[in-house]
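Since the structure is predicted, the reported quantities are computational estimates derived from the model, not experimental observations.
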Amino acid sequence: MVKQKVLSLAAAAVIGASSFSPYLVGAVSNQEIQQKRNAINNIQSKQSSIQNQMSQADQDITRLQSQQEKLAAEIKKLDMTVSETSGKIRELSATIEDTKQDIQVLQREIAEVKERIEKRNELLKERVRSLQQSGGLVSYLDVLLGAQSFGDFIDRISAVTTIFEADKQIIAEQEADKKLKEGKENELTTKLASLQSDLQKLQQLKQQLSQQIKEKDQLMAQLEKQEQDVHEKKLALAEEQEVLKKQEAAMKAQLQQLLIQQQQQAAKAKSTASQTSSSSGPSYVSGGGSAGVPAVTSGAFMRPANGPVTSGFGMRGGEFHAGVDIGKRAAEVPVVAAADGYVFRSYYSQSYGNVVFITHVINGQVYTTVYAHLESRLAHEGQTVKKGQIIGYMGNTGWSEGAHLHFELHRGPWNAAKSNAVNPLNYINF
């Protein structure tokens with residue numbers, strides 16, 4: 001870019017005075033030269049302001065990068081928390097499965113104990129019926145007293161003792177099984193309560209995980225938005241800086257030509273010989289009667305293209321519209337230079353699309369015209385153009401919602417704030 005700028009300045013310096021004669025005609029006064037120098041100083045001042053804004057943007061970028069690092073750390077922490085929560089969920093799921101298996105075992109054991117208790121109950125009922133039929137404990141005495149001999153008595157005591165011990169054992173086992181059943185039922189109740197608690201914890205952890213993922217998504221979206229904003233801000237500043245550099249180069253070239261003209265006029269005043277002037281310029285297609293090309297009119301400026309004005313200068317939809325829009329009403333609509341001038345910028349802009357910037361000096365006043373959303377550009381940077389010369393064709397490039405020409409007129413140099421923009425309808429009869 002520096003090399004291109006140097007080449008443009010070098011080219012401008014060697015172009016003859018006749019190259020600029022279309023828009024620098026007449027005697028050159030010191031006032032015009034001073035106005036041009038003031039315009040250059042004004043552009044340099046704006047460049048300094050842009051540089052300060054670029055420095056501020058760098059500081060903002062550093063600050064945003066620091067915030068992004070913090071966000072990245074928070075996201076990493078969330079990732080770790082999500083991983084930990086997922087692990088807990090897996091552990092709880094395994095615990096729940098184990099608890100379900102324990103419950104199934106307990107249910108089988110309780111069923112077995114119930115079955116044993118029922119069988120003993122039947123046995124004890126049978127024993128009670130037998131005792132009731134034989135008279136209860138008296139039957140044991142009758143058995144003992146009915147012994148025929150001492151040996152028979154001993155045998156009867158042993159038999160009665162065996163029966164009695166068997167009854168005691170049955171009763172003891174029955175009591176033990178009842179306690180076992182009660183314990184297992186309590187254990188089952190505890191495990192069921194534990195299972196319910198674990199299920200509630202699992203649900204809470206799932207909700208927590210969902211919230212953490214949502215927070216992560218929000219942080220990621222915020223991070224992406226910040227990156228996008230910084231990128232767009234840097235892009236806009238860089239574009240504005242480039243335009244100002246081109247304007248400065250054009251102004252310096254014009255100042256050089258003014259000085260050359262002034263020197264030539266001074267030499268001519270001292271010369272006694274007759275002097276003829278000749279002018280030549282780059283070829284162009286004038287308005288004339290060419291179809292689709294607007295006719296060159298009198299006055300400082302002419303209309304840049306044929307077509308109706310579809311949107312005027314001023315506020316539009318809550319935003320400032322710094323120019324006028326001319327609608328496209330034919331397959332090909334030529335766009336011409338509104339006045340004699342010097343093309344200091346011709347490129348593709350993200351917002352303007354294909355755009356041409358031209359600087360003009362009319363009666364000592366600097367003007368800038370902008371031709372945006374072109375389908376194609378025929379004018380190149382560093383080129384001198386004449387009023388009515390075709391510089392491109394109407395199109396729909398950049399931030400455009402339909403084929404048209406966006407035309408801006410600035411009284412002074414162009415700037416991103418559009419503070420020098422004036423209503424073209426006050427200067428051109430559309």
Side-chain angles (χ1 to χ4, degrees), residues 1 46 49-50 53-54 57 60-61 221 224-247 303-338 343-359 367-381 390-425 428 430:
M1 183 173 68
K46 285 186 172 63
S49 175
I50 291 296
Q53 292 180 51
M54 291 287 283
D60 292 341
I61 290 170
E224 291 173 357
K225 180 64 168 58
Q226 288 176 334
E227 289 179 347
Q228 180 181 356
D229 290 345
V230 174
H231 175 73
E232 291 179 356
K233 182 177 181 180
K234 286 185 65 178
L235 188 64
L237 286 171
E239 184 172 336
E240 183 178 359
Q241 187 180 46
E242 184 65 20
V243 170
L244 289 175
K245 285 181 180 179
K246 297 289 184 179
Q247 279 192 128
R303 65 179 300 141
N306 283 328
V309 175
T310 57
S311 183
F313 178 90
M315 297 304 296
R316 184 181 69 176
E319 295 182 356
F320 178 63
H321 188 230
V324 295
D325 292 344
I326 301 175
K328 184 177 182 181
R329 296 296 183 266
E332 287 191 353
V333 179
V335 176
V336 303
V343 179
F344 68 89
R345 195 79 171 100
S346 176
Y347 73 119
Y348 182 86
S349 163
Q350 182 181 6
S351 56
Y352 279 136
N354 281 316
V355 61
V356 174
F357 289 76
I358 301 178
T359 183
Y367 292 91
T368 306
T369 53
V370 181
Y371 312 78
H373 309 310
L374 300 176
E375 178 181 272
S376 59
R377 293 174 283 113
L378 302 183
H380 57 268
E381 293 182 6
I390 296 178
I391 59 173
Y393 286 89
M394 194 180 293
N396 187 27
T397 58
W399 292 349
S400 172
E401 297 181 355
H404 71 286
L405 171 68
H406 174 77
F407 175 73
E408 294 179 11
L409 177 59
H410 299 258
R411 185 179 173 88
W414 177 93
N415 61 74
K418 311 294 180 69
S419 60
N420 291 335
V422 293
N423 190 348
L425 298 181
I428 304 171
F430 282 89

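- Across all non-hydrogen atoms, the minimal contact from Gly398 to Tyr348 is N-OH, 3.6 Å.
- Here the side chains of Asn420 and Pro413 are in contact, with some heavy-atom distance below 4.5 Å.
- Here Asn306 contributes atom CG and Leu405 contributes atom CG; the two are 11.0 Å apart, rounded to the nearest 0.5 Å.
- Proximity of Met394 to His373: side-chain heavy atoms (C-beta onward) are nowhere separated by under 4.5 Å.
- Between Ala305 and Val333 the shortest heavy-atom distance is CB-CG1, 4.3 Å.
- Taking CZ from Arg303 and CD1 from Ile326, the interatomic distance works out to 5.5 Å, rounded to the nearest 0.5 Å.
- The distance from atom CZ of Phe344 to atom OG1 of Thr368, rounded to the nearest 0.5 Å, is 5.0 Å.
- Listed by chain and residue number, Val343, Val356, Arg377, Glu381 satisfy the side chain to side chain contact (heavy atoms under 4.5 Å, CB included) test with Ser346 (two or more places apart in sequence, or in another chain).
- Distance check: His406 NE2 to Leu374 CG gives 11.5 Å after rounding to the nearest 0.5 Å.
- Ring geometry for Phe357 against Tyr352 counts as perpendicular: the plane angle is over 60°, on a 0 to 90° scale with 30° as the lower cut.
- Every residue was checked against the ring-ring contact (aromatic ring centres under 6.0 Å, His included) condition with Tyr393, not counting sequence neighbours, and none meets it.
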- Would Trp414 and Tyr367 satisfy side chain to side chain contact (heavy atoms under 4.5 Å, CB included), going step by step from the backbone distance to the final call? CA-CA 8 Å; Trp414 177 93; Tyr367 292 91; over 6 Å; no
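- Here the shortest heavy-atom pairing between Ala322 and Ala421 reads O-CB, 3.9 Å.
- In this structure, CD on Glu408 lies 9.5 Å from CG on Asp325, to the nearest 0.5 angstrom.
- Tyr371 and Thr369 are linked by a side-chain donor-acceptor pair at a separation below 3.5 angstrom, with hydrogens and angles left out of the test.
- Here the shortest heavy-atom pairing between Ile390 and Pro334 reads CD1-CB, 4.0 Å.
- In this structure, Asn423 CG and His321 NE2 are separated by 10.5 Å, a value rounded to the nearest 0.5 Å.
- Residues Ser400 and His404 come closest through the heavy atom pair OG-CE1, 3.2 Å.
- The closest side-chain heavy-atom distance from Ile358 to Ile391 is below 4.5 Å.
- When atom types are taken as modelled, the side chain of Thr397 and the backbone of Glu375 share no donor-acceptor pair closer than 3.5 angstrom.
- For Arg329, the side chain to side chain donor-acceptor pair (under 3.5 Å) criterion is met by no residue, not counting sequence neighbours.
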